[in-house]
Chemist: 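Here you go, one structure.
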Amino acid sequence: MIATLVFYMFALFCIISGVMVVTSRNPVHSVLFLILAFFNASGLFVLAGAEFLAMLLVIVYVGAVAVLFLFVVMMLDITVAELKQGFQTYLPIGAAVGLVFLAEIAFVGLSWTMAPSAQSNIQAATQADGQNTVLLGHIIYTDYLYMFQAAGLVLLVAMIGAIVLTHRKRTGVKKQVIAKQLARSAKQSVELKKVETGRGI
Amino acid sequence: MAMAEVPNLIPAMPEIFLALAAMTLLMLGVFQKAETADGVLRASRLTSNLGVLSLVLALALVFTVSGGTLVSFGGLFISDPFASYVKVLILVASGFTLVLAQGWLERQGAHRFEYAVLVLLATVGMMMMVSAFNLMSLYIGLELQSLSLYVLAAFLRDDVRSTESALKYFVLGALASGLMLYGMSLVYGFSGTTDFAVIRTAIAGEASIGLLVGLVFVTAGLAFKVSAVPFHMWTPDVYEGAPTPVTAFFAVAPKIAALALFMRVMMGPFGDLAAQWQQVIMTMAVLSMAVGSFGAIAQSNIKRMMAYSSIGHVGYSLIGLAVADVSGITGVLVYLTIYVFMNVGAFACIMAMRRGGRAVEHIFELGGVAKTHPGMAAALAVMMFSMAGIPPLAGFFGKLYIFLAAIEAGYYIIAVIGVLASVVSAYYYLRIIKVMYFDEPGVDPLDSPLPVTITVVLAVTSAVIVLFFAFPSPVIRAAEAAAQSLF
């Protein structure tokens with residue numbers, strides 16, 4: 001009973017904040033609503049028994065991605081009015097497409113059936129008991145070794161891509177050259193001066 | 001919890017080797033002294049040559065592990081004759097385009113060692129796609145490939161057209177990936193698993209609406225990756241804007257990988273639903289052939305024309321998939337084999353089109369090439385005749401096997417439409433030959449002599465296209481064995 005109530009609370013807030021992300025006039029407000037949406041989604045994960053995913057969502061999406069968004073929004077001078085130009089003109093057709101899509105999805109959802117073997121398939125994958133952080137730790141580096149390594153390659157490509165597309169050699173930049181620093185002798189950098197007493201420098 | 005066993009790594013040897021090679025080349029490139037222009041050139045040449053060498057070695061590894069069907073990594077990865085056949089095609093296509101690319105990038109002053117590394121990583125992604133036996137490994141292979149391709153499209157980062165094409169490709173590609181993931185989630189929701197074999201038994205020939213919607217979304221995502229109509233809009237813009245060697249790469253390797261993945265997904269987990277998806281694939285095939293043949297007529301840019309031509313070729317291949325039997329899949333594999341050589345040859349000629357040191361892309365620039373560059377004109381004429389499907393060149397046999405498969409299965413109408421579309425497309429292929437042989441040359445001829453790599457590639461591809469009719473049986477037998485393993 002309480003779980004159901006909590007589910008509807010999280011779900012409702014998630015949807016409301018999702019709508020606010022799109023409609024609010026101030027981009028900073030949009031990002032803040034996005035963070036709220038992430039928090040509610042992680043609440044839904046906790047309800048579904050996936051506490052590891054819930055924590056991951058908070059740490060990665062709220063802690064890193066949303067903060068990054070906030071930086072970008074604050075650094076770029078975005079005038080929302082300009083972005084929203086054409087919003088009115090495209091609203092009817094956009095709303096129509098959206099409504100048709102929603103109706104279709106509702107139709108699919110209402111007539112949803114699962115394969116007879118689906119339950120046993122899901123149970124076969126989730127039979128072990130325990131905290132799901134521990135269980136994920138066990139399978140990610142064993143059963144899903146292939147996916148783990150491949151995901152690493154995808155990230156490597158992202159890194160190479162970022163460097164290829166943005167890195168440039170700049171002239172006139174002062175860089176630390178340790179070899180040069182070490183090659184300096186005391187004679188080059190220190191000068192001894194005889195100071196006469198009572199005169200100052 | 002029991003100790004996990006070390007998975008059998010042998011089936012994935014080519015992929016593992018290529019991934020390690022890519023990382024080694026990355027290190028090599030980074031630690032070369034690239035302070036001077038000379039150093040940059042040396043680093044890019046070294047990685048490019050070693051990249052081609054690793055592709056060749058990976059090809060040898062594919063041959064050593066090919067043979068039986070092996071499933072490894074807990075059912076995430078499959079190595080069967082179908083995968084091996086397609087991997088050979090992918091590696092050959094990547095190798096040829098990498099050989100051609102280095103010279104072009106040097107002449108353009110855009111040579112950097114990352115090019116070869118990205119091509120290798122994209123190739124690894126394609127091989128993972130072809131060997132995917134689970135929706136998750138399918139997706140991650142696809143993303144590895146796509147991400148590398150987005151970066152390659154923007155490789156000339158100071159060129160507005162290159163960056164624009166990359167941005168278009170990225171946004172639309174991300175949308176297509178999203179659609180496909182949504183479809184996969186519906187399939188998972190129906191069957192409770194992402195494993196291809198288990199999905200097949202869970203479906204057991206019975207189609208619920210939710211599953212069908214999922215299937216349609218997955219099809220839409222895959223159709224985007226092969227650029228089948230109505231998901232083809234990005235193709236002409238991206239092909240035109242991307243650097244020419246990248247366009248050549250796009251036109252062959254990723255297309256083959258995506259078509260192979262299409263076949264694997266449709267014949268594998270959704271094989272029992274053939275009656276449901278055949279009409280969809282047939283509609284896409286007919287539309288692609290129509291758009292491919294009529295769209296190319298109005299083009300004046302040769303890269304744009306090749307984009308429409310590739311849409312048309314995807315249409316012909318999809319006929320083979322729509323037939324959904326061994327002879328249809330065999331037809332597609334033979335078609336793709338020939339397609340690799342035709343496109344590599346044609347793009348080698350396009351890369352040779354330079355005037356006064358600048359790359360030119362308009363069809364009229366080819367005017368009178370037959371007088372100034374008779375060898376190149378002859379090679380391009382062979383490629384164009386072959387693409388138009390004129391016997392006895394190889395392109396004719398590619399189309400022949402596909403149309404034969406359609407007729408044997410009783411799909412007469414689609415075969416007739418295919419023949420009509422190839423008649424229409426003959427117009428623009430032959431127009432290039434007409435421009436080369438019968439138009440007057442421009443003020444000054446194209447640059448000569450042709451670079452050695454282009455000459456060699458043209459000689460090899462022309463020889464394959466011309467002599468295919470004499471020795472078709474090894475290819476056809478291998479393709480048949482590969483197609484058999486899919487059923």
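Order of the sequence lines fixes the chain letters, A, B, ..., with proteins taken first and strands second; residue numbering starts at 1 for each chain.
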Chemist: Flag yes if more than 12 heavy atoms outside A:Leu5 fall under 6.0 Å of its CG atom; otherwise flag no.
Modeler: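 Result for CG/A:Leu5: enclosed.
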Chemist: Using non-hydrogen atoms only, which part of A:Leu153 is less than 4.5 Å away from chain B: side chain, backbone, both, or neither?
Modeler: both
Chemist: Determine the option with the most heavy-atom pairs under 4.5 angstrom with chain A, choosing from B:Ala19, B:Gly74, B:Ser148.
Modeler: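 Max contact count across the listed options: B:Ser148.
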Chemist: Non-hydrogen atoms of chain B under 4.5 Å away: do they reach the side chain of A:Ser120, the backbone, both or neither?
Modeler: neither
Chemist: Examine whether an atom of A:Thr113 lies under 4.5 Å from a heavy atom of chain B, and if so say whether it belongs to the side chain, the backbone or both; otherwise answer neither.
Modeler: both
Chemist: Between B:Leu76 and A:Met147, what is the shortest heavy-atom contact and its length?
Modeler: CD1-CG, 3.7 Å
Chemist: Between OH of A:Tyr146 and CG of B:Asn134, what distance do you get to the nearest 0.5 Å?
Modeler: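 Here the rounded value is 10.0 Å.
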Chemist: State whether the number of non-hydrogen atoms from other residues, nucleotides or ligands found under 6.0 Å of B:Phe17 atom CZ is greater than 12.
Modeler: yes
Chemist: Taking only residues at least two apart or on different chains, which pairs with a member in residues 31-59 of chain A satisfy ring pair (Phe, Tyr, Trp, His ring centres under 6.0 Å)?
Modeler: A:Phe38-A:Tyr61
Chemist: Is there a side-chain contact (heavy atoms from CB on, under 4.5 Å) between A:Trp112 and B:Leu186? Walk through the geometry before answering.
Modeler: CA-CA 10 Å; A:Trp112 189 262; B:Leu186 289 177; 3.8 Å; yes
Chemist: With only heavy atoms counted, which part of B:Leu121 is less than 4.5 Å from chain A, the side chain, the backbone, both or neither?
Modeler: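 For B:Leu121, the side chain is the part near chain A, not the backbone.
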Chemist: Which of residues 111-119 of chain B get closer than 4.5 angstrom to chain A, counting heavy atoms alone?
Modeler: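 The list, in residue order, reads B:Arg112, B:Glu114, B:Val117, B:Leu118.
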Chemist: Is A:Tyr141 in contact with chain B via its backbone, its side chain, both, or neither, using a 4.5 Å heavy-atom distance?
Modeler: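 Nothing of A:Tyr141, per the 4.5 Å heavy-atom cut-off to chain B.
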Chemist: Surrounding CG of A:Leu99 (heavy atoms of other residues, nucleotides or ligands, distance under 6.0 Å), is the total greater than 12?
Modeler: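 Atom CG in A:Leu99 is packed in, count exceeds 12.
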Chemist: Taking only residues two or more places apart in sequence, or in another chain, which ones meet B:Leu20 in a side chain to side chain contact (heavy atoms under 4.5 Å, CB included)?
Modeler: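 Per chain and number, B:Leu20 pairs via side chain to side chain contact (heavy atoms under 4.5 Å, CB included) with B:Ile16, B:Met23.
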Chemist: Is any side-chain heavy atom of B:Arg157 closer than 4.5 Å to one of A:Arg168?
Modeler: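 They are in contact (side-chain heavy atoms under 4.5 Å apart), so the answer is yes.
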Chemist: Would you mind telling me which of A:Leu165, A:Val154, A:Ile160 has the largest number of heavy-atom pairs within less than 4.5 Å of chain B?
Modeler: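 Ranked by contacts with chain B, first place is A:Leu165.
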Chemist: Only counting residues at least two apart or in another chain, list the ones meeting side-chain hydrogen bond (donor to acceptor under 3.5 Å, both in side chains) with B:Glu164.
Modeler: B:Lys168
Chemist: Name the region of B:Tyr182, side chain, backbone, both or neither, that has any atom closer than 4.5 Å to a heavy atom of chain A.
Modeler: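 Just its side chain gets close to chain A.
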Chemist: So which atom in B:Ser191 and which in A:Ala115 form the shortest heavy-atom distance, rounded to 0.1 Å?
Modeler: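 That closest heavy-atom pairing would be CA-CB, 4.3 Å.
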Chemist: Does A:Gln131 CD have over 12 foreign heavy atoms under 6.0 Å away?
Modeler: no
Chemist: So for B:Phe77, is it side chain, backbone, both, or neither that comes closer than 4.5 Å to the heavy atoms of chain A?
Modeler: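 Contact with chain A involves the side chain of B:Phe77 alone.
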Chemist: Counting heavy-atom pairs closer than 4.5 Å to chain A, which one of B:Ala154, B:Gly189, B:Ser208, B:Pro7 comes out on top?
Modeler: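 If we count pairs closer than 4.5 Å to chain A, B:Gly189 comes out on top.
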Chemist: As an exercise: rank A:Gln119, A:Glu104, A:His167 by heavy-atom pairs under 4.5 Å with chain B and give me the winner.
Modeler: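 Most heavy-atom pairs within the cutoff with chain B belong to A:His167.
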Chemist: Applying side chain to side chain contact (heavy atoms under 4.5 Å, CB included) between A:Val108 and each of B:Leu212, B:Leu211, B:Val213, report the one that passes.
Modeler: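 Of all the options given, the one that passes is B:Val213.
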Chemist: Could you look at A:Leu155 and say if it's the side chain, the backbone, both or neither that has a heavy atom under 4.5 Å from chain B?
Modeler: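 Neither part.
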Chemist: For A:Leu145, is it the side chain, the backbone, both, or neither that has a heavy atom closer than 4.5 Å to a heavy atom of chain B?
Modeler: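 Just the side chain, heavy atoms under 4.5 Å.
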